[in-house]
Amino acid sequence: MLEELAASHDIAREILDWRAMMKLKGTYVDALPQLVHQKTGRVHTTFNQAVAATGRLSSSDPNLQNIPIRTELGREIRGAFIADPGHVLISADYSQIELRVLAHMAQEQSLIDAFRRGDDIHDQTSAKVFGDNSGLSAHELRRRAKIINYALLYGKTAFTLAKDIGVTQQAAQEFIDAYFAGYPSVRRFIDETIAKARDTGVVSTLFGRRRRVPELTSRNGQIRAAAERVTVNLPIQGTAADILKRAMIDLHEVLPSIPGLRMILTVHDELVFEAPEATADEAAALVKHHMEHAVPLDVPLDVDVGVGRTWKDAKA
DNA sequence: CCTGACTCC
DNA sequence: CATGGGAGTCAGG
């Protein structure tokens, strides 16, 4: 509501800005320094292996998987995470891993081809959904296409899509129809995944991680619809989690080949390492290679690697 | 202990 | 009538 009011009343924006700043102060600026361990001089999180139903890890006490990055002010928090003297932090994250998993599992040829060519997938979706006669900037078209790419395969409806990208519900429905017309195998994958899970009561990742979804046969339409969204999400998010875990295992094995190289954090599609400055480039190449070759898919996996003294600098 | 609002992928 | 998935922390009540 305040977001809507902000367009016409300055006080609404002021309230939202104040809340965001208080959140940064309370959750990060005030709290994290108190959690620095006496002997190690570091903050140590707990990674929970049996919390998230998709196979992801979660992080708590403190949660180091929700350190701000979206806004410039929030991103400053990452500048406080600093490598030991003589060392650097290496941040390596999978580029669009869930869309690549989708391309592989749905066997959607136009997505597979695009990833093999190295095309920008959001631009391709923009062309399929919006055409090229909308009058909007390429940047705005790409932003909307990105929302569609990540939302539709999990069951987002025209109602919320319309709110997200600022169009009428009727227009949003036309975009959704155009998306599935352009990616017919994605439609088929969604339908077949739900049908099989309804018959068996279980849905699985590419590597066999299972989640029970008994609500698929509920007579309550809302409960059933929610279960269908969970069912479609699990193979995508869960397979991506499996891939990252395999990469972590592989990298754990080869870490000793570079003295002083340490794995220090995982954030769903990202791994953070600490390495001696002298072997930083060698370590970055090793990390990138093992992440990109953790599993064989019909599309390439692409990893972006950054090096810096702080976590903030390593992501740039 | 719960809710809403904020943070992340 | 309700309206993408997965998480954690904080303040306030």
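Quick caveat: nothing in here was measured; it's all calculated off a predicted structure. Chain letters run A, B, ... following the sequence lines, proteins first, then strands; residues in each count from 1. Heavy atoms only: backbone and side chains are in, while hydrogens, waters and symmetry mates are out.
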Closest to the A/Tyr154 side chain, choosing from B/dT7, C/dG4, B/dC8: C/dG4

Sugar-phosphate, base or nothing in reach of A/Asp61, heavy atoms under 4.0 Å: sugar-phosphate

Nearest-nucleotide comparison on DNA chain C, the residue closer to the 5′ end among A/Gln169 and A/Val230: A/Gln169

C/dT9 base / A/Lys23 side chain donor-acceptor hit below 3.5 Å: yes

C1' spacing across the pair C/dC1 / B/dC6, given as an integer number of angstrom: 28 Å

Distance below 4.0 Å between A/Thr27 side-chain N/O and C/dC10 OP1 or OP2: no

Selection from B/dC9, C/dA7, B/dT7 that lies nearest to any side-chain heavy atom of A/Ala20: B/dT7

Heavy-atom pair of closest approach, residues A/Thr45 and A/Ser60: OG1-O, 3.2 Å

Any donor-acceptor N/O pair under 3.5 Å between B/dC8 base and A/Arg70 side chain: no

Shortest side-chain distance from A/His268, nucleotide among C/dG8, C/dG4, B/dC9: B/dC9

Rounded distance (Å) that lies between atom P of B/dT7 and atom CG of A/Asp30: 16 Å

Shortest side-chain distance from A/Lys156, nucleotide among B/dC8, C/dG4, C/dG6: C/dG4

Minimum-distance nucleotide to A/Asn233 side chain [options: C/dG4, C/dA2, C/dA7]: C/dG4

side-chain N/O A/Thr157 vs C/dG4 OP1/OP2, d < 4.0 Å: yes

Flag, side chain of A/Arg78 to backbone of A/Asp313, donor-acceptor distance under 3.5 Å: no

A/Leu16 side-chain proximity, nearest of C/dT9, C/dG4, B/dC6: B/dC6

Contact under 4.0 Å: A/Arg229 side-chain N or O vs C/dG4 OP1/OP2: no

A/Ile69 side chain, from C-beta outward: closest of B/dA5, C/dT3, B/dC9: B/dC9

Below 4.0 Å: OP1/OP2 of C/dG8 and any side-chain N or O of A/Ser58: yes

A/Asp191 with A/Arg187: basic N within carboxylate O range, under 4.0 Å: yes

is_close_aromatic(A/Tyr183, A/Tyr179), centroid dist under 6.0 Å: yes

Minimum heavy-atom distance between A/Asn220 and A/Gln222, given as atom pair plus value: OD1-N, 2.9 Å

